[in-house]
Number of protein chains: 2
Amino acid sequence: MADVGHAAGVSHQTVSRVLNEPHRVNDETRDRVETAIKKLKYRRSTVARALATNRTKNIGLISTGLALHSHSKRMIAFNEAARASGYQVSMASLPTAEQEPMQAALDVLLGQGVEGIVLIVADKRALDIIDSLEIDVPFVVADSGGSTHRKNVAIDQFLGARMATAHLADLGHRAIGHLAGPDWSLDASERLRGWRTELESRGLPVPEPRFGNWTPESGYERGREFAASREATAIFSANDTMALGLLHSLADNGVRVPDAISVVGFDDIPEAAHFIPPLTTVRQDFVQLGFQIMSTLLGLIEERGAAEVVGTEPELVVRKSTAPPARFD
Amino acid sequence: MADVGHAAGVSHQTVSRVLNEPHRVNDETRDRVETAIKKLKYRRSTVARALATNRTKNIGLISTGLALHSHSKRMIAFNEAARASGYQVSMASLPTAEQEPMQAALDVLLGQGVEGIVLIVADKRALDIIDSLEIDVPFVVADSGGSTHRKNVAIDQFLGARMATAHLADLGHRAIGHLAGPDWSLDASERLRGWRTELESRGLPVPEPRFGNWTPESGYERGREFAASREATAIFSANDTMALGLLHSLADNGVRVPDAISVVGFDDIPEAAHFIPPLTTVRQDFVQLGFQIMSTLLGLIEERGAAEVVGTEPELVVRKSTAPPARFD
DNA sequence: TGAGCCAATGTTAGCGCTCACATCGGTCAT
DNA sequence: ATGACCGATGTGAGCGCTAACATTGGCTCA
């Protein structure tokens with residue numbers, strides 16, 4: 001910076017001013033400085049700047065677990081939103097949500113001077129760990145299931161689940177089963193709760209849900225059980241990937257979808273429209289979510305009151321995997 | 001740091017030494033310092049450290065485009081590998097590979113003092129941009145299709161494509177079509193080249209490939225054409241997602257897989273095993289890839305000669321979507 | 001016994017910025 | 001004509017570390 005100043009015949013401080021508050025510098029001087037900057041290919045050191053200002057414009061992103069579709073979408077969407085707000089994101093993705101590595105990742109991020117932390121973790125354990133960690137920067141959890149002392153921003157999973165269930169009920173189904181996600185997942189519990197609530201509000205029976213672990217394999221397994229028991233004429237699967245396994249095992253067991261059993265998924269992964277049959281599912285707008293997370297975080301960072309958490313509404317996409325129940329009359 | 005020193009009755013430099021070269025400090029002193037660190041919850045500022053040492057232990061990750069499965073996998077795997085080597089990664093994911101934002105992202109990363117840059121971009125344009133940008137830190141491209149002045153680390157797509165094609169040929173197919181990825185994709189060209197080379201090496205006819213854009217929709221479209229023309233008894237699809245669309249449209253057009261047409265995909269996404277029929281495909285080990293990228297980059301950063309690029313071998317996973325061609329004799 | 005050495009620690013400068021304040025010349029109102 | 005004021009720029013200190021060198025005291029060895 002001093003070099004640039006020298007080349008332009010001004011002090012380093014003027015160079016700094018050109019970069020930070022150009023309007024406070026004489027037009028002509030500014031031109032000279034800018035020329036010098038280009039000629040010398042000068043690039044201001046973010047590091048030194050961060051040290052001097054005590055602001056890094058950095059946000060830490062912690063994510064654990066699998067490369068689930070919704071997961072990566074959230075990460076990417078948030079990253080773009082952060083960039084749009086002039087923040088860089090430092091990512092730390094851990095294979096699992098364990099105390100030790102989580103702690104370490106957090107230490108690194110904090111030592112790095114991140115101004116906020118976003119947790120993209122579908123895992124309740126991760127939250128317990130975080131809660132036990134007393135972080136001194138704002139952080140928001142990009143997952144459902146709020147708690148009072150924590151900021152959660154998410155697409156309304158509860159609502160989405162109710163929509164899916166309502167769709168099935170509206171078609172005339174009365175035995176509506178649920179293929180739930182793993183019990184450590186917040187999203188999964190919200191979806192389970194939504195399904196249950198919708199059934200209860202309509203006075204429909206609430207059968208025992210069956211639990212999967214998000215993988216198509218688990219969907220396949222549980223599908224066999226659904227096929228054997230004939231306990232439901234419609235199944236709400238907590239995600240599309242499990243729904244795929246479900247579809248597969250239903251087909252393998254000679255149960256026709258949607259004739260014998262209707263299936264609704266959740267997520268609307270790109271593949272869902274081409275499952276056989278094309279899957280009715282609940283779509284989430286991750287891009288918008290990314291921006292919401294960012295604006296919530298910004299609100300916290302800049303202390304202009306914890307911004308209202310708005311929570312996007314999901315959308316039901318009806319395709320071919322749902323139909324009215326078969327009539328036996 | 002001075003505070004810690006004070007609390008432990010030593011100078012700040014001793015504290016620094018405890019952190020950097022513990023063996024050079026008296027056991028007892030070290031204990032005192034460590035206790036003070038814990039008590040004061042001291043955390044060394046990475047920023048100041050970076051400024052003083054001129055090393056940030058940061059790596060920039062640029063990625064563009066969709067949330068493709070393979071794409072996210074690469075990102076996450078690389079991130080974990082970087083963490084394992086004590087590096088942090090700063091991510092910049094752009095919606096598209098355009099000059100302007102790419103330049104900007106790069107500037108931010110470089111200004112941030114990253115010691116290396118990894119490009120996870122399946123896009124040739126991105127490379128052209130990068131090449132025109134004269135970056136002064138090591139960078140490696142996590143994609144196939146090497147050039148001389150650039151470091152590419154990838155799973156051998158060419159080989160994978162040959163394996164897929166060979167599998168089809170070995171089953172007795174002689175009319176083996178290709179549903180290719182978009183022409184801007186490096187991986188796609190490598191897979192196309194692999195398919196062509198394998199056919200040529202066996203003296204089989206090389207039909208015109210049909211091009212998709214990675215989405216299931218494009219697979220569906222091209223599938224209609226394949227179904228109508230009956231030009232092939234087997235199709236190698238450049239990824240699983242397009243293969244799904246292909247399967248779907250083949251089913252819609254009454255073409256049975258694998259009886260009438262065999263299909264092979266690429267990627268082995270988790271869903272592939274539950275397509276109907278379960279998809280024969282080519283699996284890639286992204287975790288290992290992540291570590292390879294990292295070690296290549298480390299080689300470059302530490303200037304211990306540009307490490308050998310090893311390139312993992314993909315693996316053929318045979319499921320139910322392939323069978324010998326129907327016999328008409 | 002004292003020169004020489006080494007391990008353990010302290011002292012000082014400086015990394016590349018920004019912040020707070022100082023300086024300088026000109027403009028304006030009185 | 002004088003002082004208050006303002007815009008444009010410069011000066012010096014300091015952010016929290018590390019690197020390089022300085023200092024201290026105890027040890028070895030002739």
Test item: A:Gln88 and B:Met91 side chains (from C-beta on) under 4.5 Å apart, heavy atoms: no
Heavy-atom closest contact (A:Tyr87 atom, A:Asn58 atom, distance): CD2-N, 3.9 Å
Any A:Asn26 side-chain N or O less than 4.0 Å from OP1/OP2 of D:dG7: no
Contact under 4.0 Å: A:Thr14 side-chain N or O vs D:dT9 OP1/OP2: no
Sugar-phosphate only, base, or nothing, as touched by A:Thr53 at under 4.0 Å among non-hydrogen atoms: sugar-phosphate
Closest non-hydrogen atom pair between B:Gly290 and B:Ala81, with its separation: O-CB, 3.5 Å
Within-4.5 Å side-chain heavy-atom neighbours: A:Gln112 and A:Thr56: no
Bend angle of the helix from C:dT1-D:dA30 to C:dT30-D:dA1, end axes from five pairs each (to 10°): 40°
Spacing of A:Asn20 atom CG relative to D:dT9 atom P, expressed in whole Å: 15 Å
Touch class at under 4.0 angstrom, heavy-atom based, for B:Asn54 against every strand present: nothing
Distance, rounded to the nearest Å, where A:Arg44 contributes CZ and C:dC15 contributes P: 19 Å
Closest contact, heavy atoms only, B:Ser93 versus A:Asn79: N-OD1, 2.6 Å
Sugar-phosphate only, base, or nothing, as touched by B:Val10 at under 4.0 Å among non-hydrogen atoms: sugar-phosphate
First encountered from the 5' end of DNA chain C, between B:Ala52 and B:Thr29: B:Thr29
Sugar-phosphate only, base, or nothing, as touched by A:Arg17 at under 4.0 Å among non-hydrogen atoms: base
Under-4.0 Å side-chain N/O to phosphate OP1/OP2 contact, B:Ser11 with C:dT11: no
Length of the CD-P vector between B:Glu28 and C:dA7, whole Å: 19 Å
Distance, rounded to the nearest Å, where A:Met1 contributes CE and C:dG16 contributes P: 11 Å
Nearest-Å distance for atom pair CG/P, residues A:Leu19 and D:dT9: 15 Å
Distance in angstrom units between B:Arg49 CZ and C:dG14 C1', rounded: 17 Å
Spacing between A:His12 atom NE2 and C:dT18 atom P, to the nearest angstrom: 10 Å
Sugar-phosphate, base or nothing in reach of A:Val25, heavy atoms under 4.0 Å: sugar-phosphate
Heavy-atom donor-acceptor pair, A:Arg43 side-chain to C:dG16 base, under 3.5 Å: no
Residues A:Asp27 and A:Arg30 bridged, charged N to O under 4.0 Å: yes
Comparing B:Ala48 and B:His23 on DNA chain C - which has the more 5′ nearest nucleotide: B:His23
Any side-chain heavy-atom pair of A:Val140 and A:Gln292 under 4.5 Å: no
A:Lys38 bridged to A:Glu34 by N-O distance under 4.0 Å: no
B:Gln13 CD to C:dA8 P, straight-line distance once rounded to whole Å: 15 Å
